[in-house]
Amino acid sequence: MRRVGLLTFLLLCLPVATWANSSNLVFQNSGGKITVGAGSSLQLGNSTLTSFTGLHGSVINGTLGTVNFKTGAMSVGSLGTSGTFLGGGSFTISGNGSNGIGSGVLFSGNFTGPVSWVGTFNPAGNHGLGAWTYVLKGTVTGFLANGSPASGATVQFTFDVPKSQPFSKSVRLNQGATTVTVPEPSTLGLLGTGLLGLAGLVRRKLKN
């Protein structure tokens with residue numbers, strides 16, 4: 001039973017190794033609300049991480065964790081229509097330990113450069129009453145859980161249906177996607193060392 005348990009644990013670690021050594025990682029999220037913070041900044045709280053795409057296009061789906069962010073202050077424009085936010089703030093993707101995804105912070109960083117917020121009014125939406133949709137786009141840089149530097153872009157799509165009014169205080173998020181690029185590492189770093197050590201332990205146990 002102990003042999004089976006060690007082998008099972010090693011197999012569960014492999015999906016985490018996959019994303020840690022990938023050059024292009026895609027995190028998808030949905031749900032949660034975008035609200036207004038200080039300086040007319042925007043913040044997203046507890047959006048559900050629903051999908052992860054790693055090395056060679058391997059995909060993990062499920063309720064995997066959360067996505068949270070906060071932009072810098074608005075520099076130009078309007079929250080109700082379109083505008084631009086300063087860089088800074090924060091951007092965090094966390095895993096809950098399910099389906100082979102690690103538990104804790106998977107990516108932590110901030111917005112680098114302007115963040116765009118574009119609103120579009122569709123007069124045919126909401127049963128002919130009209131509806132606003134908004135798209136937030138920005139670049140992010142930071143680090144993965146294993147310390148590897150990562151940078152990329154995020155796109156968050158939302159819509160505001162109640163009373164067909166433009167965004168002012170909060171809006172429900174529909175879906176989002178964040179793609180980060182990791183410089184090709186020569187090894188898996190600490191994670192790789194841990195897996196190699198665990199593999200050696202399993203081999204010794206099997207011999208015994």
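As a basis for the values below, the full set of heavy atoms in this structure was taken, side chains included, without hydrogen atoms, waters or symmetry mates. Numbering starts at 1 and runs along the sequence shown.
- In this structure, T133 and N122 have side chains that are not in contact, with every pair of non-hydrogen atoms separated by 4.5 Å or more.
- At a threshold of 4.5 Å between non-hydrogen side-chain atoms, the residues T66 and L49 do not count as touching.
- Under a 3.5 Å cut-off, the side chain of S94 and the backbone N or O of G65 do not form any donor-acceptor pair.
- From F111, atom CZ reaches atom CG of L86 across 12.0 Å, with rounding to the nearest 0.5 Å.
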Could you go through the side-chain hydrogen bond (donor to acceptor under 3.5 Å, both in side chains) check for N174 and T158 one step at a time? CA-CA 5 Å; N174 183 24; T158 186; over 6 Å; no
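- Side-chain atoms of T48 never come within 3.5 Å of backbone atoms of G31 as a donor-acceptor pair (strictly under, hydrogens ignored).
- Across L79 and W117, no two heavy atoms sit closer than the pair O-NE1, 2.9 Å.
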Step by step, work out the side chain to side chain contact (heavy atoms under 4.5 Å, CB included) result for F91 and T178. CA-CA 10 Å; F91 197 100; T178 303; 3.3 Å; yes
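- Paired with L44 under the rule side-chain contact (heavy atoms from CB on, under 4.5 Å), one option of T35, N68, N29 passes, and it is N29.
- When all heavy atoms are compared, the tightest approach of S98 to T63 is OG-O, 3.1 Å.
- Between V67 and T154 there is no side-chain heavy-atom pair separated by less than 4.5 Å.
- In terms of heavy-atom proximity, F69 sits nearest to Q156 at CE2-CG, 3.8 Å.
- Between L136 atom CG and F157 atom CZ the span is 12.5 Å, to the nearest 0.5 Å.
- Between L106 and L64 there is no side-chain heavy-atom pair separated by less than 4.5 Å.
- S40 and M74 get closest at one heavy-atom pair: O-CB, 3.8 Å.
- Contact check for K137 versus V118: no side-chain heavy atoms found under the 4.5 Å cut-off.
- With N99 contributing its side chain and N61 its backbone, the two residues share a donor-acceptor pair below 3.5 Å.
- Closest approach of L25 to G54, counting heavy atoms only: CD2-CA, 4.3 Å.
- Interatomic distance, S47 OG to I34 CD1, rounded to the nearest 0.5 Å: 8.5 Å.
- Closest approach of V59 and S51 over heavy atoms only: CG1-OG, 3.8 Å.
- Sorted by first and then second residue, the side chain to side chain donor-acceptor pair (under 3.5 Å) pairs with a member in residues 102-114 read T112-T139; sequence neighbours excluded.
- Using a distance-only test at 3.5 Å, with no hydrogens or angles considered, no donor-acceptor pair links the side chain of T141 to the main chain of S151.
- In this structure, Y134 contributes its side chain and L173 its backbone to no donor-acceptor pair below 3.5 Å.
- Not counting sequence neighbours, T71 has no partner by the side chain to side chain donor-acceptor pair (under 3.5 Å) test.
- Side-chain contact check for Q43 and S41: no donor-acceptor pair (N or O, by modelled atom type) lies under 3.5 Å.
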